[in-house]
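Treat the numbers as computed from the prediction; the structure is a model and nothing was measured.
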Amino acid sequence: MIQTPASGQEEQPQLLQASPWLSENTDYDKQFFSSYPAHTYKKGHIFYSQEENSDYVYLLCEGRVCLSIDNPNGDAKDIFIADKGFIFGKLSALDCMPNCCYAIGVSDTIIVKLIPKSHFTELLNTDIHFCQYVMTMLTKTVRTLISQIRLITFGSSRARVGYALYHLVNQYSTPYKEGRLINITFTHQEIGELIGLSRVSVSNILSQMVKQGILKKKEGYYYVKDIEAIYRCVLDDL
């Protein structure tokens, strides 16, 4: 966890604990799914569509998959990004209904294991540790959804961008001489679809942050020079 002076002195607000990039660090792949082969996919692969029934749940071994919703007009809203260790497609296995989102690969390479729904539900019914693991993932997802509803309902545009940056720094950054380097690239459109803003709005806010010395951009990567400013722009503008 990236600590700021404010977060080091008080309990961190839930909004900054509920990341839209969801991952799980467990050994359940080896414990329960070692017999299943890993399949490699490229960016843009659609694992399932909205309102589609699938025979599998999907264990993400490497890469990132975006869970999104859209409408017939082509408008889209990203719900969250699944990362390493996360199982996606599990709601359909739990309630026997079609998937409510579509799942698309958003990193250059995605490695996934396809787990039959029957095996997934059998593990839930027979192994308490696996059941707790799935409950943890569901709890994280619900907290993220509630945080996004709060942010989109009450937060300013700047707070929304700060929210995304804060979690990118927390999960995908390394130190550099002036602060933190975010090690993954992203488009302004991708961030906008995740936090309910237009590409132009995201671009304008990030440009303002660069001018203010909060961020620096070089060769497609963002460097965060003032982590405290990112933290405060979420809480002060909400």
Side-chain angles (χ1 to χ4, degrees), residues 15 17-24 28 33 39-121 124 133-153 155 160 163-164 167-168 171-172 184 186-199 202:
L15 190 65
Q17 296 181 42
S19 173
W21 286 270
L22 297 176
S23 61
E24 279 296 326
Y28 284 128
F33 305 126
H39 301 273
T40 301
Y41 302 91
K42 296 298 182 183
K43 185 176 184 178
H45 178 80
I46 297 176
F47 292 91
Y48 52 77
S49 298
Q50 191 171 301
E51 302 298 333
E52 176 186 342
N53 274 306
S54 172
D55 294 328
Y56 303 99
V57 298
Y58 303 81
L59 173 63
L60 187 51
C61 303
E62 296 288 345
R64 297 182 303 280
V65 171
C66 183
L67 283 295
S68 303
I69 55 175
D70 61 13
N71 65 21
N73 296 326
D75 300 320
K77 170 69 174 77
D78 294 344
I79 305 302
F80 64 86
I81 313 294
D83 207 328
K84 184 176 181 179
F86 203 81
I87 294 176
F88 60 98
K90 54 189 175 294
L91 284 184
S92 180
L94 293 170
D95 61 15
C96 300
M97 295 177 64
N99 290 295
C100 55
C101 300
Y102 66 90
I104 183 170
V106 293
S107 55
D108 291 337
T109 301
I110 307 101
I111 301 176
V112 169
K113 288 189 174 184
L114 280 60
I115 314 300
K117 285 181 175 178
S118 58
H119 187 200
F120 176 80
T121 53
L124 285 176
Y133 166 51
V134 172
M135 289 296 293
T136 297
M137 285 192 289
L138 289 172
T139 300
K140 283 185 176 182
T141 304
V142 170
R143 287 194 176 275
T144 292
L145 293 176
I146 292 172
S147 293
Q148 289 203 38
I149 291 169
R150 179 187 174 193
L151 193 71
I152 291 173
T153 303
R160 299 186 204 183
Y163 168 80
H167 288 293
L168 284 168
Q171 295 174 241
Y172 299 107
I184 64 173
F186 51 85
T187 68
H188 297 170
Q189 182 70 32
E190 289 170 339
I191 294 297
E193 290 179 356
L194 188 62
I195 58 176
L197 292 176
S198 69
R199 176 190 60 79
V202 173

Novice: Using atom types as modelled and distance alone, determine if a side-chain donor or acceptor of Thr187 lies under 3.5 Å from a backbone N or O of Glu190.
Specialist: yes

Novice: Are Ile191 and Leu168 side-chain neighbours, meaning at least one heavy-atom pair lies under 4.5 Å?
Specialist: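 They are in contact (side-chain heavy atoms under 4.5 Å apart), so the answer is yes.
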
Novice: When rounded to the nearest 0.5 angstrom, what distance separates CH2 in Trp21 from CD in Gln171?
Specialist: 7.5 Å

Novice: Test side chain to side chain donor-acceptor pair (under 3.5 Å) on Glu193 and Ser68; report intermediate values, then the result.
Specialist: CA-CA 9 Å; Glu193 290 179 356; Ser68 303; 5.8 Å; no

Novice: Closest heavy-atom contact between Leu67 and Ala103?
Specialist: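 Taking every non-hydrogen atom into account, CD1-CB, 3.8 Å.
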
Novice: Distance alone, cut at 3.5 Å: any donor-acceptor contact between the side chains of Glu24 and Thr136?
Specialist: no

Novice: Closer than 3.5 angstrom, by distance alone: can the side chain of Ser92 be matched with the main-chain N or O of Met97 as a donor-acceptor pair?
Specialist: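 Checked: pair present.
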
Novice: With rounding to the nearest 0.5 angstrom, report the CG to CG distance, Asp83 to Leu60.
Specialist: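 Taking CG in Asp83 and CG in Leu60, the distance rounds to 6.5 Å.
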
Novice: Leu59 vs Tyr28, test: side-chain contact (heavy atoms from CB on, under 4.5 Å). Steps then yes/no.
Specialist: CA-CA 10 Å; Leu59 173 63; Tyr28 284 128; over 6 Å; no

Novice: Would you indicate whether the side-chain heavy atoms of His39 and Leu114 approach each other to under 4.5 Å?
Specialist: yes

Novice: Does Tyr102 OH have over 12 foreign heavy atoms under 6.0 Å away?
Specialist: yes

Novice: Can you tell me if Asn71 uses its side chain to pair, donor with acceptor, with the backbone of Asn73 under 3.5 Å?
Specialist: yes

Novice: Measure the acute angle between the ring planes of Phe88 and Tyr48, then classify it against the limits of 30° and 60° as parallel, tilted or perpendicular.
Specialist: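 Ring orientation of Phe88 relative to Tyr48: tilted.
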
Novice: Closest heavy-atom contact between Lys77 and Gln148?
Specialist: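 Scanning both residues completely, I find the closest heavy atoms to be NZ-OE1, 3.1 Å.
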
Novice: Tell me whether the centres of the aromatic rings in Phe86 and Phe80 are closer together than 6.0 Å.
Specialist: yes

Novice: Is there a side-chain contact (heavy atoms from CB on, under 4.5 Å) between Leu94 and Leu138? Walk through the geometry before answering.
Specialist: CA-CA 11 Å; Leu94 293 170; Leu138 289 172; 3.9 Å; yes

Novice: Between atom CG of Leu194 and atom NE2 of His167, what is the distance when rounded to the nearest 0.5 Å?
Specialist: 10.0 Å

Novice: So, taking the atom named CE in Met137 and the one named CG in Leu22, what distance separates them when rounded to the nearest 0.5 Å?
Specialist: 10.0 Å

Novice: I need the minimum non-hydrogen distance between Tyr163 and Ser147, along with the two atoms involved.
Specialist: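 Distance-wise, the nearest heavy atoms are OH-CB, 4.3 Å.
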
Novice: Compare all side-chain heavy atoms of Ile87 with those of Ile115 and state whether any distance is below 4.5 angstrom.
Specialist: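 No - every pair of side-chain heavy atoms lies 4.5 Å or more apart.
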
Novice: Testing the basics here: between Ile184 and Arg64, what is the closest heavy-atom pair and its distance to 0.1 Å?
Specialist: CG2-NH1, 3.7 Å

Novice: Should the ring pair Phe47 and His45 be called parallel, tilted or perpendicular, given that the plane angle runs from 0 to 90° and is split at 30 and 60?
Specialist: perpendicular

Novice: Donor-acceptor pair, distance only, cut-off 3.5 Å: does the side chain of Arg160 make one with the backbone of Ile152?
Specialist: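 Yes; judged by distance alone, with no hydrogens or angles, the pair exists.
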
Novice: Just wondering, do Lys43 and Asp108 contact through their side chains at under 4.5 Å, heavy atoms?
Specialist: yes

Novice: Restricting to non-hydrogen atoms, name the atom on Ala18 and the atom on Arg143 that form the minimum distance, rounded to 0.1 Å.
Specialist: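 So the two residues come closest at CB-O, 3.6 Å.
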
Novice: Would you check if the side chain of Lys117 reaches a backbone N or O of Ser54 as a donor-acceptor pair within less than 3.5 Å?
Specialist: yes

Novice: Determine the minimum heavy-atom distance between Ile81 and Cys66, stating which atoms define it.
Specialist: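 That closest heavy-atom pairing would be CD1-SG, 3.6 Å.
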
Novice: To the closest 0.5 Å, what do you measure between OG (Ser19) and NZ (Lys140)?
Specialist: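 Here the rounded value is 9.0 Å.
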
Novice: I'd like to know if Glu62 and Lys84 make a salt bridge, using a cut-off of under 4.0 Å between side-chain N and carboxylate O.
Specialist: yes

Novice: Between Thr153 and Arg150, is there a donor-acceptor pair closer than 3.5 Å when you use the side chain of the first and the backbone of the second?
Specialist: no

Novice: Could you give the distance from CD1 (Ile79) to CD1 (Ile69), rounded to the nearest 0.5 Å?
Specialist: 4.0 Å

